[in-house]
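Take a look at the structure below.
Counting convention: from 1, in listed order, for ligands and their atoms alike.
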Amino acid sequence: MNYYNKNIECAPRSEIEALQSYRLINTVRRVYENVAPYRKKMDETSVRPEDIKSIADLSKLPFTTKQDLRDNYPYGMFAVPSSEVVRIHASSGTTGKQTVVGYTAKDVDIWAECAARALVGVGATKDDFVHVSYGYGLFTGGLGMHYGAEKLGATAIPASAGNSVRQLEMFRDFGSTVICMTPSYAISLIEMMQEKGFKKSDFKLRAGMFGAEPWTEEMRKQIEEGLGLKAYDLYGLSEIMGPSVSCECLCQCGMHICEDHFIPEVIDPDTLEVLPAGQQGELVFTCVTKEALPLIRYRTRDIATLVYDKCECGRTLVRMLKPQGRTDDMLIIRGVNVFPSQIESALLSVDQKATNYLLVVDRVNNLDTLEIQLELRPDMFSDGVGAIEGYTKKVKAAIDSAIGVGINVKLIEPKTLARSSGKAVRVQDNRAIKNKFEKK
Ligand code: DLL
């Protein structure tokens with residue numbers, strides 16, 4: 001088993017916690033002195049930096065949310081002057097104003113180490129060709145994994161996202177061995193392979209690091225089979241750092257968090273109480289080494305579980321299980337809470353290849369409606385009308401029973417839905433537009 005930094009990745013828990021405590025105390029002091037919004041928040045809740053003596057005191061600190069970053073847009077939460085900042089990134093900002101994040105040279109170096117740990121964790125070495133198809137730009141995916149590959153001494157291939165045929169040609173011609181991209185883009189490359197006559201034996205792919213969006217175990221199987229590699233889950237968020245906050249190891253049983261840099265907690269999103277290990281809730285991170293943007297108790301909105309059990313790989317760093325969606329992704333359909341990930345899982349349990357779909361939520365006569373538009377595939381036409389009807393019924397039954405609300409299944413022409421080379425858009429909620437319109 002290989003590690004990038006065995007001393008920390010396999011450290012006894014007591015050592016990890018001692019290091020976290022030491023770093024937390026320094027971070028809290030630093031943000032109190034240098035970040036006006038934090039000083040204000042701490043003063044309002046009467047917490048003084050001296051009150052934080054170890055990680056046991058973490059829960060005394062106030063939370064940070066995306067709204068705090070928006071309120072202090074663009075640089076108001078930075079803890080260093082701009083002369084110290086060597087890079088900024090920004091979140092995709094699909095809802096509301098985008099949030100800007102910054103890094104000092106040391107932050108970039110630590111990020112590169114976290115990404116190098118992630119790469120080594122999935123078996124990469126200096127001999128690998130790491131093909132990065134996450135977007136390069138304000139999105140953290142591309143540059144984040146790129147710097148990790150270089151830090152490891154592997155060969156980085158900065159392909160960026162898009163131009164699918166060219167990506168496949170590069171896999172073949174450049175001998176890519178490790179790929180990094182969103183899982184939905186991997187699926188669309190598999191489709192393109194079939195269309196353009198590429199075979200997985202044309203490639204030398206061994207491992208893929210997929211993340212930036214939720215994906216299911218069913219998708220993992222399909223990607224592994226379609227590309228002929230092992231598919232690993234990679235997690236991160238720009239506010240905390242970018243990709244490689246955590247990543248799966250060869251055991252594929254949860255993602256080891258770089259706990260020496262980011263202290264995780266899981267809270268109940270309603271009561272804000274910290275939950276015991278093993279319970280599912282909202283993931284919260286505190287950055288304890290970040291210089292430019294050390295966020296304290298940042299509420300990610302991601303729903304996950306922390307697992308402290310021993311991992312076969314020998315790493316002692318805590319694992320987070322696959323995020324089960326985001327608290328703000330949750331749809332309320334006729335009063336029932338529905339997560340898009342539940343629907344995807346039910347759909348793929350009936351048909352592993354059904355990865356091109358769109359959920360359309362609407363309101364008709366004051367009643368919420370939920371429809372799944374599902375692309376037909378050419379191979380389904382030969383099955384005849386009866387088989388297609390049977391298929392539709394099966395999909396409907398599986399989803400209805402998974403979410404407890406009736407869904408309408410609508411089959412649509414092949415290749416009607418937009419393909420994404422980044423994060424896939426799976427939900428179209430027309431109620432938001434109607435609400436806006438109706439209020440006028
Ligand atoms: O998506 C960073 C990233 C890039 C991670 C490349 C992994 C690979 P943001 O654009 O700020 O940053 O989006 C962060 O994406 O809060 C999750 O909701 C979601 N997300 C990221 N990784 C995963 C994953 C990047 N493995 C938001 N599984 C996070 C599920 C994920 N959701």
For a quick check under 3.5 Å, do [X] and [Y] share a side-chain donor-acceptor pair by atom type?
{"X": "Gln20", "Y": "Asp260", "result": "no"}
{"X": "Ser91", "Y": "Thr99", "result": "yes"}
{"X": "Gln428", "Y": "Glu371", "result": "no"}

Under 4.0 Å to a heavy atom of Asp233 - the qualifying atoms of ligand 1, by number: 24 (C), 26 (N)
Distance filter under 4.0 Å to Leu234 heavy atoms, resulting ligand 1 atoms: 7 (C), 8 (C), 22 (N), 23 (C), 24 (C), 26 (N)
Taking only Lys NZ, Arg NE, NH1 and NH2, and the carboxylate oxygens of Asp or Glu, determine whether Asp107 and Arg87 approach each other closer than 4.0 Å. no
Taking a cutoff of less than 4.0 Å between a non-hydrogen atom of the residue and any ligand atom, is Arg301 in contact with ligand 1?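 No, Arg301 has no heavy atoms under 4.0 Å from ligand 1.
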Heavy-atom count around Glu44 CD within 6.0 Å, excluding the residue itself: above 12?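 Yes, because the 6.0 Å sphere around CD of Glu44 holds more than 12 heavy atoms from other groups.
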Checking the side chain of Ser176 only, and the main-chain atoms of Val178 only, is there a donor and an acceptor separated by less than 3.5 Å? no
Looking only at atom types and distance, does a side-chain atom of Glu248 sit under 3.5 Å from a main-chain N or O of Asp233, one as donor and one as acceptor?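 Yes, the answer is positive, given that a donor and an acceptor are paired below the 3.5 Å cut-off.
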Is there a polar contact, in the sense of an N or O pair closer than 3.5 Å, between Gly242 and ligand 1?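 No: no nitrogen or oxygen of Gly242 is under 3.5 Å from one in ligand 1.
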Got an N/O contact under 3.5 Å between Thr300 and ligand 1?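 No, since none of the N or O atoms of Thr300 sits under 3.5 Å from an N or O of ligand 1.
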Region of [X] engaging ligand 1 - heavy atom pairs below 4.0 Å:
{"X": "Glu213", "value": "backbone"}
{"X": "Thr182", "value": "neither"}
{"X": "Ser91", "value": "neither"}

I'd like the name of whichever of Asp302, Ile240, Asp328, Asp329 reaches closest to atom 29 (C) of ligand 1 through any heavy atom. Asp302
Among Cys180, Gly141, Gly236, which one puts a heavy atom closest to atom 5 (C) of ligand 1?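 Of the listed residues, Gly236 has the closest heavy atom.
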